[in-house]
Amino acid sequence: MSNQITDVFGNNVFSVSVMRERLPKKVFAEMTDVMQHGGNISMATADIVANAMKDWAVEKGATHYAHWFQPLTGITAEKHDCFLTAPQDSKTLLQFTGKQLIMGESDASSFPTGGLRATHYARGYTAWDMSSPAFVKEMSCGTVLCIPTIFISYTGEALDKKTPLLRSMEAINTQALRILRLFGNTQASKVTPSVGAEQEYFLVDREKYLKRRDLIYTGRTLFGAPAPKGQEMDDQYFGVIRPRVGAFMADLNQELWKLGIPAATQHNEAAPAQHELAPIYATCNLAVDQNQLTMETMKRVATRHGLVCLLHEKPFAGVNGSGKHNNWSISTDLGENLLAPGDTPNENLQFLLVLACIMKAVDEHADLLRCSAACVGNEHRLGAQEAPPAIISIFLGDQLDDVVAQIVANSDSIRLLASGTLDSGVSTVPVLDKDGTDRNRTSPFAFTGNKFEFRMVGASDSIAEANVTLNAIVAQAFCQAADLLEQAEDFPGACSRLIHTWMTQHQRIIFNDDGYSEAWVAEAVRRGLPNLVSMVDAVPALTTPKAEALFTQFGIYTKTELQARAEILYETYVKAMRIEANTMIHMAAKHYIPTAIAYTARLAQSVCSVSAACPQADLSVQRKLLLQVNSLLADASAALEQLKPLMDRVDSIQDLREMAQAYREAVVPAMAALRCPIDQLELMVDKDLWPVPTYGDLMFEV
């Protein structure tokens, strides 16, 4: 199997090795230098690269090319252009120029802009991101050469997820190198954040999916009674993969490997029909691109197998939803991981300074981190005893927590708790070396040996915003540390004092216990940590003076770009909730209430028939059931009639933020009031009458 992986891996990627084979040595050297250190290539070089890229793609069956970008919709976008030139004498040639490679144009007003572009000003530009390799996608419409690009407006504002990400990577590189120079490291020339994004998802049968309008329109079930069995037996988690799912996974792996995506882990997750895929780490920018491609490929491959891949954070109520753990670290071009504590972290001054900076960054910008994981689906997941709470904290584990406590206490010598070994008591099993700490699945930001795992990101969401924020806040802390320490005459002493000061000031952000407990909510209040329960609560963090100072300092966002993104988040929330509410109205009025009426008619007819045939028969059970169904039917009808005018009133609100708050505070409870009686009716109405597949049908019949 390993030979097969080796044979297929990266086949559809215009990688460095492919460039080495196909480009002249001088052009290849110019390209790799710009890829590693930045800068521009000449148009002559661009023409040569474009032609080589075109020839390679055509050999793989490509007929079109596309600038592949990530607008503020959270998904990707592409416009396919054929390699054909204008016909002459009924003949044509294939052509792809350097100009076409480097730059493209798209309608910037048709994507979310948050007011950055007026509708009548349409021009936007895509520009080649040379740090992410081109690739070919094999789709139903044909094979297409895709060039990863940024997307900016005619006036220069970032209209995408990638531009700020690249800016943030440059910021952390610059500031981290300042820290390394303080410790005498003059060899490293680049520091890069690396990311591994674990991806959770559900698989359901496509035929059943197509019978559920809520899944089609919103990605989640807006109605549905719990199945008799959920995840309480814990028999799904890491269980044997069912044949149909296994065939999907095998096909998916092949597709991802061809795209150079190192998909390494696959398993069943906790909920029925839930699964997970995890890749090997990649450079931050590449990891973001690859995660977007992974989600897209999952959906495409699922269709081949008569399945649908659900990436919504909470497609089914009552069982675990899906997240995307963002494992983040920073390393030099020489291979040194700045988050690796070594065998003696208590004596590793560089690691302790990096840790102090991260503590400071997370504590001061907890609201921004929470906002970076804000998406509509995550409303149902965060703080729901299945994912981290909405309160940001850091888990360090016993060993590092004890080191921090000793530093804060100004101990004369910092001791290190021994990690020890683990003897199972079985003679044929080796004694194991224990890690320095256990893991804490209730922590939103957990240290896991040589990286931090940011566990809050939603399964459907882009990981770009989370990593922009992580890179920015840590870059700022590095910058502040370097500003102070570069002036110090006694560097070791000044560094130790700074570590003590910052760890003392920000020790409140460390929490190693149960993040699900009510006690932690109260304790977080006592510590002064924010608890931004809803996405609507989190969005204002983007437009505070603190956020503006952070992002503008490093040129990651302008004030206008921040305001635009806040507006887009409010608008996205409103649109998503409006679609959900309208879908509920549609399904209740056209599916559920008519079905319940038909069932009551059947019951009433049965009662009348039996009563006429046998006047002495005991019909108390039938009458009781008829009364119960009628009562629930009345409740559903009343809730439906309340929801419609409520939406009209909320939609008349002029201020977008106020409208989003009104949807959360008024419309969402009204939707719950409509769902409740219909879910109860599902448990009472005959199966042959119920108009849609149930939870049991969807989760257990794949």
Side-chain angles (χ1 to χ4, degrees), residues 8 12 68 73-78 135-144 146 197-221 224 236 239-279 289-316 319-324 377 458-463 692-702:
V8 77
N12 285 350
W68 184 78
T73 54
I75 56 176
T76 60
E78 57 199 52
F135 54 92
V136 293
K137 282 202 299 186
E138 298 165 343
M139 300 183 290
S140 58
C141 63
T143 300
V144 179
C146 295
E198 305 167 36
Q199 180 69 57
E200 294 176 341
Y201 61 98
F202 281 80
L203 289 175
V204 298
D205 182 84
R206 186 167 184 80
E207 287 188 13
K208 296 183 176 71
Y209 165 88
L210 292 173
K211 296 175 181 177
R212 298 267 332 198
R213 291 291 159 186
D214 47 2
L215 283 178
I216 293 172
Y217 295 145
T218 73
R220 75 179 184 104
T221 53
Q236 160 79 2
V240 176
I241 297 170
R242 286 171 285 180
R244 194 176 179 189
V245 174
F248 160 82
M249 288 180 171
D251 196 0
L252 175 64
N253 285 335
Q254 290 289 320
E255 292 297 322
L256 294 179
W257 292 336
K258 284 193 290 185
L259 289 167
I261 299 172
T265 301
Q266 61 189 30
H267 62 85
N268 289 345
E269 255 297 335
Q274 188 185 32
H275 315 281
E276 181 175 307
L277 176 150
D289 287 358
Q290 290 182 344
N291 184 250
Q292 293 293 131
L293 273 174
T294 296
M295 292 190 288
E296 177 188 324
T297 307
M298 281 176 163
K299 294 179 180 179
R300 188 169 67 250
V301 172
T303 302
R304 285 186 208 157
H305 293 262
L307 299 168
V308 172
C309 177
L310 302 177
L311 294 174
H312 194 285
E313 287 70 20
K314 196 73 171 180
F316 301 104
V319 298
N320 275 16
S322 296
K324 182 149 48 191
S460 69
D461 207 7
S462 167
I463 59 171
V692 299
T694 64
Y695 273 21
D697 298 331
L698 290 164
M699 292 193 292
F700 290 96
E701 297 181 12
V702 177

Between [atom1] on residue [X] and [atom2] on residue [Y], distance to nearest 0.5 Å:
X	Y	atom1	atom2	value
Glu296	Leu259	CD	CG	9.0 Å
Thr265	Gln199	OG1	CD	13.5 Å
Arg213	Thr218	CZ	OG1	12.0 Å
Glu276	Glu198	CD	CD	5.0 Å
His305	Met249	NE2	CE	11.5 Å
Ile261	Glu255	CD1	CD	10.0 Å

Does some side-chain heavy atom of [Y] sit less than 4.5 Å from a side-chain heavy atom of [X]?
X	Y	value
Val319	Met699	yes
Phe316	Val204	yes
Phe135	Leu293	yes
Asp214	Val692	no
Leu252	Met298	yes

Keeping the roles fixed (side chain from [X], backbone from [Y]), state whether a donor-acceptor pair exists under 3.5 Å.
X	Y	result
Glu701	Gly696	no
Asn12	Lys258	no
Arg244	Gly306	yes
Asp251	Ala247	no
Gln290	Gly260	yes

>> Tell me whether the rings of Tyr201 and His275 are parallel (<30°), tilted (30 to 60°) or perpendicular (>60°).
In response: tilted

Going by distance alone, is a donor N or O of one side chain under 3.5 Å from an acceptor N or O of the other, for [X] and [Y]?
X	Y	result
Gln274	Asn320	no
Asn291	Thr294	no
Glu313	Ser460	yes

Do you know the tightest heavy-atom contact between [X] and [Y]?
X	Y	value
Gln236	Glu269	CG-O, 2.7 Å
Cys146	Trp68	CB-CB, 4.0 Å
Ala302	Leu203	CB-CD2, 4.3 Å
Pro272	Phe202	O-CE2, 3.4 Å
Glu200	Leu311	O-CD2, 4.1 Å
Ala197	Pro279	O-CD, 3.1 Å

>> Is it the case that over 12 heavy atoms from other parts of the model lie below 6.0 angstrom from the NZ atom of Lys211?
In response: no

>> As a quick check of understanding, evaluate side chain to side chain contact (heavy atoms under 4.5 Å, CB included) for Leu215 and Leu698, giving each step before the final call.
In response: CA-CA 11 Å; Leu215 283 178; Leu698 290 164; 4.2 Å; yes

